[in-house]
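Here is the structure we will look at, set down as structure tokens.
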Amino acid sequence: MSEHNFMTLQFASRSENEAFARVAVAAFVSQLDPTLNELTDIKTVVSEAVTNSIIHGYNNKPDGVITITTQIDDDMVRITIEDKGSGIDDLEQAKQPLYTSKPELERSGMGFTIMENFMDEVEVVTAVGIGTKINMLKRIESKKALYN
């Protein structure tokens with residue numbers, strides 16, 4: 001049995017939309033009956049990526065657009081979070097734990113580290129002045145037995 005399902009969500013780059021995005025993706029993924037830990041991981045990475053888009057991509061300007069596409073294929077969840085913001089000047093530096101380009105905002109600099117630890121795969125595609133796309137993949141353990 002093969003399942004394929006997807007949803008796309010677009011919203012303004014406003015901090016109050018971060019919680020909405022997290023809950024919407026979690027609700028969609030819930031059809032796979034993930035464990036509480038898996039759902040928490042997914043909600044956390046969505047929060048991190050959306051917050052990065054708002055703060056770094058759009059510099060807290062509320063007129064940007066963030067797009068989230070979530071796909072389910074069998075036991076795999078693919079989440080893509082994209083902005084058309086400023087892009088990341090030095091991706092390798094940005095991925096370093098504790099690095100933040102906005103220390104005045106008391107940012108932890110752990111966003112990419114958290115994403116990489118909570119997901120099975122993380123790919124970042126970015127271009128200065130064009131934007132950033134984060135592709136993340138996670139296998140839902142509770143569904144594994146159905147497809148093996």
Side-chain angles (χ1 to χ4, degrees), residues 2-32 34-141 143:
S2 176
E3 292 182 34
H4 175 76
N5 199 0
F6 71 93
M7 69 101 181
T8 300
L9 182 66
Q10 283 191 320
F11 52 91
S13 58
R14 303 172 63 96
S15 60
E16 56 264 39
N17 288 337
E18 176 268 325
F20 162 70
R22 180 180 66 230
V23 170
V25 171
F28 182 74
V29 171
S30 289
Q31 64 190 280
L32 290 181
T35 65
L36 189 56
N37 285 342
E38 289 169 333
L39 209 51
T40 299
D41 289 353
I42 287 168
K43 288 162 74 172
T44 300
V45 299
V46 169
S47 292
E48 292 292 336
V50 167
T51 299
N52 280 352
S53 289
I54 293 167
I55 291 173
H56 301 288
Y58 291 117
N59 205 26
N60 281 316
K61 292 182 181 131
D63 58 347
V65 175
I66 298 170
T67 303
I68 299 178
T69 303
T70 305
Q71 294 177 300
I72 294 171
D73 286 299
D74 299 325
D75 62 344
M76 299 299 288
V77 175
R78 178 177 303 281
I79 301 168
T80 301
I81 300 178
E82 184 173 8
D83 66 61
K84 303 291 185 198
S86 61
I88 301 169
D89 185 38
D90 186 339
L91 182 57
E92 288 313 306
Q93 183 181 41
K95 285 181 162 186
Q96 294 303 309
L98 304 178
Y99 172 79
T100 179
S101 62
K102 299 198 182 278
E104 70 279 9
L105 298 179
E106 297 184 15
R107 307 292 302 150
S108 73
M110 295 298 290
F112 284 124
T113 302
I114 289 168
M115 289 179 228
E116 289 170 348
N117 284 323
F118 287 8
M119 300 298 279
D120 295 323
E121 292 179 27
V122 176
E123 175 195 39
V124 181
V125 179
T126 188
V128 174
I130 295 174
T132 301
K133 181 189 284 190
I134 301 174
N135 297 306
M136 299 178 282
L137 195 63
K138 185 168 188 73
R139 188 171 190 193
I140 302 300
E141 298 293 326
K143 285 290 188 179

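Lys138 meets the salt bridge (charged side-chain N to carboxylate O under 4.0 Å, His left out) test with Asp41; sequence neighbours excluded. Evaluation of the salt bridge (charged side-chain N to carboxylate O under 4.0 Å, His left out) rule for Arg78 yields no partner, not counting sequence neighbours.
Within the 4.5 Å cutoff, side-chain heavy atoms of Val50 are placed close to those of Phe11. The shortest distance between side-chain heavy atoms of Tyr58 and Asp63 does not fall below 4.5 Å. With contacts defined as side-chain heavy-atom distances shorter than 4.5 Å, the pair Ile79/Met119 qualifies. Put simply, the side chain of Ile134 reaches to within 4.5 Å of the side chain of Val122, judged on heavy atoms. Between Phe28 and Asn5 the shortest side-chain heavy-atom distance falls below 4.5 Å. Counting only heavy atoms from C-beta outward, the side chains of Phe112 and Ile88 approach each other to under 4.5 Å. Side-chain contact between Asn37 and Glu141 is absent, with no heavy-atom pair separated by less than 4.5 Å. Side-chain contact check for Val29 versus Pro34: some heavy-atom pair is nearer than 4.5 Å.
Residue Thr80 holds its OG1 atom at 6.5 Å from CD of Gln71, rounded to the nearest 0.5 Å. Taking CD of Glu116 as the start and CE of Met136 as the end, the distance is 11.0 Å to the nearest 0.5 Å. Between the CG atom in Asp73 and the CZ atom in Arg139 there is a gap of 12.5 Å [rounded to 0.5 Å]. In this structure, the separation between CD1 on Ile72 and CG on Leu32 is 4.0 Å, given to the nearest 0.5 Å. Atom CZ of Arg22 sits about 13.5 Å away from atom CD1 of Ile42, to the nearest 0.5 Å.
Remark: the Ser47 side chain and the Glu18 side chain contain an N/O donor-acceptor pair separated by less than 3.5 Å.
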side-chain contact (heavy atoms from CB on, under 4.5 Å) evaluation trace for Val25 with Val45
CA-CA 11 Å; Val25 171; Val45 299; over 6 Å; no

| request: Using the side-chain contact (heavy atoms from CB on, under 4.5 Å) rule, take Met115 and Ile81 through it: C-alpha gap first, then chi angles, then the decisive distance, then the call. | output: CA-CA 12 Å; Met115 289 179 228; Ile81 300 178; over 6 Å; no

Exercise. Please walk me through it: do Asn60 and Ile54 pass side-chain contact (heavy atoms from CB on, under 4.5 Å)?
Worked result: CA-CA 5 Å; Asn60 281 316; Ile54 293 167; 3.6 Å; yes

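Between the side chain of Ser86 and the backbone N or O of His56 there is at least one donor-acceptor pair closer than 3.5 Å. Thr132 places no side-chain N or O within 3.5 Å of a backbone atom of Lys84 that could act as its donor or acceptor partner. No donor-acceptor pair under 3.5 Å is formed between the side chain of Ser53 and the backbone N or O of Ile66.
Heavy-atom neighbours of Asp89 CG from other residues, nucleotides or ligands within 6.0 Å: at or below the threshold of 12.
Scanning all heavy atoms of the two residues, the minimum distance from Ala12 to Pro62 falls at CB-O, 3.6 Å. Closest of all the heavy-atom pairs between Ser30 and Leu39 is OG-CD2, 4.0 Å. In plain terms, the two heavy atoms of Thr35 and Glu38 that are nearest each other are N-OE1, 2.8 Å.
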